[in-house]
Structures are given as C-alpha cells and as structure tokens.
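Everything on this sheet refers to the single structure shown next.
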Amino acid sequence: MKQQLFAVQAELIKNRRSKIVWVTFIAFALAPVMGGIFILIIRDPEALAKAGGLAAKVKAMGFQPSWNSYLSVLTQAVGVGGVLVSGFVASWIFGREYSDGTAKDLLSLPVSRTKILNAKFIVYMIWSVALVISNLLIAFLIGTILHLDLVENIWRGLGEYFVTTVLTILAGLPLAFFAIWGRGYLAPLGFVSLTIVIAQIITAIGYGSFFPWAVPALYSGAGGEYKADLNSLSYLILIVTSFAGYMATITYWKFADHTK
Amino acid sequence: MQIVRTDALSKRFGTTTATDGISIQVEQGEIYGFLGLNGAGKTTLIRILLGMIKPDIGSVMLFGKLLTPGFDQWNDIGYMVETPYAYPNLSVKENLQVYNKLRGLKRSSLVDQVIEKLKLSNYRDVKARLLSMGNQQRLGLAKALMHQPKLLILDEPINGLDPEGIVEVRTLLKELSKNGSTIFLSSHILGEVAKVANRIGIVHQGKLIKELSIYELNEQLLKKVIVQTNQNLKAVHELASVNHEAVLTEEGEIEITDRAAIDHPEYISKFLVEKDLPPKQVRLFTEDLEMYFLRTIRTKS
C-alpha cells in the first residue's frame, strides 16, 4: 500500500510542471464559457437575432436560462468532449514515458510494474475528475453572476453529470494500452480520434448503444432520442471493454520485451 | 560471491540474433568492462540483466537469486541504459525525487547527497531539458547511484562527459568498487574501460568471444621494440645475427618482436652502439585496447 502511495506521489511530481495540465483545464473550460454565452444570447432577443447559426443551435437544444439547462450542456460536454480530453490525458500520462525516453527507468525498480501503472491510472482518474469539478465550479460562478433560475431539483442533473464522468473515464482506460503498445502518445490519440468518428457513424445507423465510446455521449443526452437505446448491455460492453483495456495494459507492460 | 551470473543467454529478434549463448560471471567488488561494436549485443544483454527483455534461452542470477518477475532486490541495483533521459520539465532535484519515491527511500537527504557527489549543485533547480549533454549524463548517473546500490549496471557511462567529468567518473567508479560495489559497464571508449575494469569481455555478433582479466590482457597485448638508426638495413642483419626477430618496416623503422628485446630494450641500444650503429630512437610499443579489440574480432570473424 505504501509503495502504491509512493508511486502515486512520484506520478504527481512528474505532472506538476506539465503545461499540458493547464492546456486540458483551459480547453475543457470552454464548455461552461460557451454555456454562459448561450444564456446571454437566449436572454437577449437582439443578440439572438444576430447570432445566426449559434442561435439555431441554442434553440434546437431547447436551451433555457436555468441551472438545469446549463448543467445539461455541461453533461453533454463531458459525454462528447470529455472522451476526447480524457483520452488526451490518458495518452499523455501513459505515452509520455516513451516520448521523454524515461520508460526504461520504470522497469527495474522495487515497486512493481503493476503498481507503477496503477499509479498512472489513479492520476488519470484524479485528473479527469478534477477537470469536471473545475467545470462545475466555473459554471457555478458564471451561473451565479447571471442569476440563473432553478426550475427543478438540481440533484438529478448533478447525478447524470457525475455518471457521465464515470462512463467517460471508463472509455479512456483502454487508451493506456495503445500508448504502451505504440510506445508514445500518437497511437492512443489516433485511436481516440477514430473512436469519435466511428461513434458518430454507428450512432447514426442506430447501433451506438453497443459501441463503448458512444455510450458516454448517448447517456449525457448529446445524442438526443438515442439515449433511450441504452440498456444494461450497453453499460456492460463499456465496463468489459475498459476492464479488458486495463488488463491488456498491465499484461503487456509486465511481459513484453522492452527494447525502447 | 558471484553478483552477476548468466548461463548461455540467447535472444533473437526475428531473424537477428542479439545474444548467442553468453555466459559471464562477475564477482563482488569487480569492475567488469563489456566491449563490443554497435549492434554487437551489449545493450540487449544489459536489458536482459535488468529484466527488461526475456531471454529465449538461458538464465540470469543476480546476488545468487534467479532473475524472475518476482525478483526483489532492485534497490541493490542501480542502472543507466543507453542515453540517460529525464523528465524535461522537472528540475534536477525533482527528477531525483521521482526516483526517490519510486524506490521507496526513507531518506530524502539522499537526493541532496547525490547532487553534491555528482557535482550538480549549481543545477539543482535547473530543468532537465536545459542541461548540457554532460550534465544530463551526470543526472543519469545520479539516478543510478542515489540509493547506494551494491551492483551498478552502466551502459556507456562516460558518453558526453568532458575530460574532467571522465576523470571524476573513473575515480567514482574505482571508489565504489573499493567499497565493495560491483560494476558492470559497457563502453565503446575502450581505453577508458582499460583504465577502470578488472576484467573485460568482448562481444561480437552476439557471442562472447573473449573474456580476460586486465593482467591477462596486458600479457596478450602485442609489444615490440621500435628502433631507428642511420643504417637500418645493416642494423637488421646485425640484430638477426644474434637471434633477434628484427624486420625493417615500410615506414623505415626496425621492429623487434622477440621476448628478450621486449624485456630489455636497453640491451638492444647497447648492442647497436657496440656495432657502431648508435640508435636515433629506441622505444617500446604496446598495442592499445582499441587495436587489441579490432585484432580479436577480426580473428574471430
């Protein structure tokens, strides 16, 4: 347990000076800022008339200047953008050791290879959760300034927000394998981009609920009526895929020949 | 006590044989120099010793224990494989703190001690990406030495160091060996290996083709007496007449290769003076490790 804690601390030291941390927080913060802009537009008929495409999008979403509607936008941002941002985080945490040339220094240590990877998975989860909480805090600030209304109980929306977060984190776990197998962050980034494209196509043809990387977006409501397609099997497929990705990462790292 | 022992280690990558039946033993306190051309199999062997690559055939024993995934003496081993890299955005101190944590070391003062030892004090808070190549090498060595290991496995430890750094590392390695640490190092700077190693192994095309102590190496290095006079041809005849193995080279020098001349070059000088052929130059030439190494691998090829 102590070793695991030390490994997590080491992983945190590695990331504390990374500019990439701030890049992910700033990129993800676009969601509450955009939500704030939606609120301003919808409240101002003149701005709504001038906003053109953006106004059409706001209307299509049925967006209301309320906490519930704002939270719904944030949840959809986690379900869609979160898969990309979390994928980026996972690619960085696991792939950087190869691009920095430090992977070889992690292989012959008293702390086991599994614990080193677990530390990375833990930091990936902490980072992802910190991102969604950060967005929530920014949204709280913007919403308070804009005096949003509370039309119904907020807890249900918050619940969906955090469930979407969990689903998004699960969808990012298999990327660790691609980072280690591809010895860098290009392979996982390529993979996450591919999953986003495939998720669009599969959802459009009606099978999105069976594609693990589409599940977070569908659950968040970003796919509109397709959310109704989700069932126990959808979540099971996502959980099995995540677990398989985790196990493949551990097994590969433990048993493959490390020549780089 | 045998600190490192390998038995018939073989590893292939596709059709390439990286190591072919390598068996070596390194005793406690020994500095073992591992020599070979690029691609000879040095780094593969080092990675096998560190459990990074699994051999197809053969086994590794470290500290008398079979190297398996459950091997538990990694804190007795320090290592540096190929070019040392560090986390570029972390300072020297932070980089060492990462390994201090990963090794579960109780004393954080070890970080400061090793910074001091490797003369990195002026760079303690400098980001690794801003370090010169020599200082990156020092940081790599600091990572390997911080936990005061009993066995050091170093791949090209003096790469990129300036002459002062090379002398410092040489002194450091000798000091560690004197205090009982065992050192296994590979280097392409053969002369440097000869200055620190007690024993050397030469690997070529994945095979260990020669293993000998520095004493045996000195015995095997080619030696000859080089002489120049104003009448070299006559001098060769006079030397041959008293059974010296003397030949005139294309460079216009007399080479004498018999044992008596090598042991007592002053007698050659005296003899030539007596024959009214006073030498302009008499010197004992000893083959260096580079030449010995190339001669050895050419012979084996």
Side-chain angles (χ1 to χ4, degrees), chain A residues 1-24 92-120 122-123 180 183-185 250-260, chain B residues 11-13 16 18 43-44 46-56 62 67 69-91 93-106 127-129 136 139-140 143-144 147 149 151 153 155:
Chain A
M1 193 60 198
K2 216 174 200 177
Q3 278 190 333
Q4 186 63 75
L5 184 69
F6 285 153
V8 172
Q9 285 175 340
E11 200 59 40
L12 291 171
I13 295 173
K14 283 184 215 174
N15 287 300
R16 72 180 174 200
R17 299 242 186 271
S18 298
K19 286 186 183 126
I20 206 81
V21 174
W22 299 110
V23 170
T24 56
W92 166 253
I93 291 175
F94 290 90
R96 68 169 301 184
E97 303 289 356
Y98 290 99
S99 44
D100 287 347
T102 47
K104 59 181 187 263
D105 295 331
L106 301 176
L107 297 167
S108 309
L109 294 170
V111 56
S112 72
R113 292 180 191 178
T114 304
K115 286 195 173 93
I116 285 178
L117 285 186
N118 282 342
K120 286 183 175 294
I122 290 168
V123 170
I180 285 170
R183 285 157 166 63
Y185 36 67
I250 301 281
T251 309
Y252 187 81
W253 178 257
K254 269 175 87 171
F255 298 110
D257 281 339
H258 296 273
T259 54
K260 191 180 169 190
Chain B
K11 179 71 184 178
R12 287 173 72 89
F13 294 106
T16 308
T43 301
T44 300
I46 282 181
R47 283 184 181 262
I48 291 175
L49 290 181
L50 292 166
M52 297 178 188
I53 293 176
K54 279 175 203 61
D56 298 328
L62 298 174
L67 182 63
F71 181 76
D72 61 356
Q73 273 188 261
W74 290 117
N75 257 0
D76 289 330
I77 300 171
Y79 68 95
M80 192 173 85
V81 183
E82 295 178 298
T83 312
Y85 289 106
Y87 297 103
N89 288 321
L90 297 188
S91 67
K93 187 172 181 176
E94 288 166 335
N95 263 287
L96 293 169
Q97 280 171 338
V98 168
Y99 295 97
N100 190 281
K101 288 281 176 199
L102 288 173
R103 288 194 175 276
L105 303 176
K106 291 192 177 89
K127 286 184 178 177
R129 68 183 156 89
Q136 287 191 14
L139 177 54
K143 280 195 276 184
H147 53 293
L151 168 64
I153 298 177
D155 197 3

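Lettering of chains follows the sequences in order, A, B, ..., and the numbering in each one begins at 1.
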I'd like to know which of [options] tops the heavy-atom pair count under 4.5 Å against chain B.
{"options": "A:Ala7, A:Ser108, A:Ser18", "answer": "A:Ser108"}
{"options": "A:Val111, A:Ile116, A:Asp100", "answer": "A:Asp100"}
{"options": "A:Glu11, A:Lys14, A:Gln3, A:Lys115", "answer": "A:Lys14"}

Side chain to side chain, [X] and [Y], heavy atoms closer than 4.5 Å:
{"X": "A:Asp105", "Y": "B:Tyr87", "value": "no"}
{"X": "A:Leu109", "Y": "B:Arg103", "value": "yes"}
{"X": "A:Pro110", "Y": "B:Asp72", "value": "no"}
{"X": "A:Leu106", "Y": "B:Leu102", "value": "yes"}
{"X": "B:Pro69", "Y": "A:Lys254", "value": "no"}

Chain A: which of B:Pro84, B:Pro88, B:Ser91 shares the most heavy-atom pairs with it under 4.5 Å?
B:Pro88

Shortest non-hydrogen separation from [X] to [Y] and the atoms involved:
{"X": "A:Arg113", "Y": "B:Gly51", "value": "NH2-O, 2.8 Å"}
{"X": "B:Val98", "Y": "A:Ala10", "value": "O-CB, 3.7 Å"}
{"X": "B:Tyr79", "Y": "A:Leu107", "value": "OH-N, 3.9 Å"}

Against chain A, label [X] side chain, backbone, both or neither, depending on which of its atoms sit under 4.5 Å from a heavy atom there.
{"X": "B:Ala86", "answer": "backbone"}
{"X": "B:Tyr99", "answer": "side chain"}
{"X": "B:Thr83", "answer": "backbone"}

Gap separating the NZ atom of A:Lys19 from the CG atom of B:Asn89, nearest 0.5 angstrom:
6.0 Å

Who are the side chain to side chain contact (heavy atoms under 4.5 Å, CB included) partners of A:Gln9, not counting sequence neighbours?
A:Leu5, A:Phe6, B:Lys101

With A:Arg17, which residues qualify under salt bridge (charged side-chain N to carboxylate O under 4.0 Å, His left out), at least two apart?
B:Glu94

Would B:Arg47 and A:Asp257 satisfy salt bridge (Lys or Arg N to Asp or Glu O under 4.0 Å), going step by step from the backbone distance to the final call?
CA-CA 9 Å; B:Arg47 283 184 181 262; A:Asp257 281 339; over 6 Å; no

Under 4.5 Å to a heavy atom of chain B? For A:Glu97 that would be side chain

Checking A:Ala256 against chain B: side chain, backbone, both or neither under 4.5 Å from a heavy atom?
backbone

